[in-house]
Amino acid sequence: MTHIATRPYSIRNAEMLRQSGIHPVLARIFAARGLTNPAELASELKSLAPPSGMLHTEAAAVFLADSIAAGKKMTVVADYDCDGATACAVALRGLRMMGANVDYIVPNRFEYGYGLTPEIVELTATQCAPDIIVTVDNGIASIEGVDEANRRGIEVVVTDHHLPAERLPRARVIVNPNQPDCGFPSKNLAGVGVMFYVLLALRAELRRRGVYTAENQPRLDALLDLVALGTVADVVRLDANNRVLVAQGLKRIRAGRMHAGLSALFRVAGREPMRATPFDLGFAVGPRLNAAGRLADMSLGITCLLTDDPDQAFAIAQQLDAINRERRAIESDMQDAALLALDSVSPQSRHTICMFDASWHQGVIGIVASRLKDKFYRPTITFAPGGDGLIKGSGRSIGGFHLRDALDLVSKRAPDMILRFGGHAMAAGLTIRAESFEGFSQAFEDVGSEWLTSAQLERTVETDGPLEDACYTTQFISLLETQVWGQGFAAPLFCDEFQVLNQRVLKDRHLKLVLQKNGRRLDAIWFNHVDALPGRARVAFRLDANEYNGNTTVQLMVEHAEAV
């Protein structure tokens, strides 16, 4: 069951925000998201938390500055998702701006798995022969890999944002806002954000050494389009600090001052950069970059972000778009197979979902897990063959169920069952033996039944309540678009009762509606929904400016509706 609820908010906080000059509706929306101070809405770069507040950034800056001065060779070891690709591009572009001799390697996920493994270190040593490895968006759990690098005389700088285990790798320097004793106020930086902070600290160190002045230092703000993309695509919480990074990146994209690869990805996605939103980064550009790591080789995506040649960028972006279409087709087939299989087990009778199919593609199981989690509102793990009798799982969770902690508990109860696992509250990955699947499914369900109540398994659509009549305008929509909305800072979702005057199904897939309230008629659409509504309904909706034949009108995007 799905229920519509209204977010509570402090009337006092909303009034304080309104008195500071914020639009009254925005004031209550912000108050409902926990904002108390208008300063939290600042989007200028000077509002960023300083790099000095992050543990070991200054040690990393000193070490990297010394290494650049000594002409040491560096290799960036990247992760294979959008955050990893943007972090790699930011690292290479930023380090090269500051005189480093640096290249990169991105492991093929199907051959080498995740993180700085001993095998990746061996590959890096053979192909690149570096003095220093810099990890981006990985490395915090790579204890054996760092040991192997040390054994080979390669020093390691770990930059990561994932949660550490009880033991940290013996790297030369670790920069991670989530490591013990780090007091950095934003624990939600993506991998690309952590790398950007290391570059800010390195530039400050080079200024201290007299290499640069404030006037001739490299312009690291030129990298913010990539930082914004990685931050949004990795679905990290958009706290005040991340909102500054994303706002500044979007500002550059809208002004046309973005890298050639990003411009090409906007073009193949059919999106307009001048009106770019976090939605475009998360749902149009990000998936096309991610597709390379899912089905092919992420070095293709990184090359797209590294080239300054518009023609080469567009050619690669077209390849990435084709790979993404293939990914969507595979995902659709896998989802159909999963839904067929679930018909026989009734997910509603369980607290969790675990599925394995020998024909599934391990590059796409995470997306399928996400779709099933959305449909059935259960923590979901989908598995695909991983070779050598192993299967690899990718999981997605719901609020109130910390997925990594759940896997940790399963591992403690059955120490030999999970060979490897990692992740965070809402997403995680693991490897088990194929013959352990049934046992793991039951052990995971046991944790689900202990931790989750039936109320937690009912989806709640949180809304911001009714919208004032005067705000059903394109001007108000433009005002909403000036803010950075996303994970942890949800875009406004309103809710009200309407008369349903007209409804028809478009293209066998979408419900097109004409709604009425207080004598005003409004067009609305409910995507991927075909069931008719009663004559009067409570509707949860977003506002959308619909352009057609040169006219822009207000349209409601329906998220959920129920009979009154």
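Sequential numbering from 1 along the given sequence is applied to the chain's residues. Just so it is clear, the structure is predicted and the values come from calculations on it, not from any experiment.
- In this pair, F498 and Y472 present their aromatic rings perpendicular. The plane angle is above 60°, beyond the 30 to 60° band.
- Residues N188 and N242 bring no donor and acceptor atom of their side chains to less than 3.5 Å of each other.
- Judged purely by atom type and a 3.5 angstrom limit, S142 has no side-chain atom pairing as donor or acceptor with the backbone of G115.
- In this structure, CD in Q487 is found 13.0 Å from OG1 in T231, a value given to the nearest 0.5 Å.
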Query - From CA spacing to verdict: side-chain contact (heavy atoms from CB on, under 4.5 Å), L41, Q483 - result: CA-CA 8 Å; L41 295 165; Q483 299 301 319; 3.9 Å; yes
Requested in this report: Take L320 and C304 through the test side-chain contact (heavy atoms from CB on, under 4.5 Å) and record every step on the way to the result.
Outcome: CA-CA 9 Å; L320 292 171; C304 186; 4.1 Å; yes
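- Among R325, Q319, Q318, the one residue that satisfies the side chain to side chain donor-acceptor pair (under 3.5 Å) test with D321 is R325.
- Under the 3.5 Å distance criterion, with hydrogens and angles disregarded, a donor-acceptor pair is assigned to the side chains of D297 and S299.
- Between N241 and Y197, the side chains place a donor N or O and an acceptor N or O closer than 3.5 Å (distance only, hydrogens not considered).
- A salt bridge links R93 with D308; the closest basic N to acidic carboxylate O contact falls under 4.0 Å.
- With sequence neighbours excluded, the residues forming a salt bridge (charged side-chain N to carboxylate O under 4.0 Å, His left out) with R542 are E559, listed by chain and number.
- Every salt bridge (charged side-chain N to carboxylate O under 4.0 Å, His left out) that D496 has, sequence neighbours left out, goes to K517.
- Neither side chain, N138 nor T135, offers a donor N or O lying under 3.5 Å from an acceptor on the other.
- Considering all non-hydrogen atoms of both residues, P273 and M258 come closest at CB-CE, 3.4 Å.
- Between E331 and R294 there is no salt bridge, since no side-chain N of the basic residue sits under 4.0 Å from a carboxylate O of the acidic one.
- Using cut-offs of 30° and 60° for the angle between ring planes, the H23 and F476 rings count as tilted.
- A donor-acceptor pair shorter than 3.5 Å can be found between the side chains of D137 and H161.
- With hydrogens and angles ignored, the 3.5 Å screen pairs no side-chain donor or acceptor of D79 with any backbone N or O of V136.
- Residues satisfying the side-chain hydrogen bond (donor to acceptor under 3.5 Å, both in side chains) test with R28, not counting sequence neighbours, are E468.
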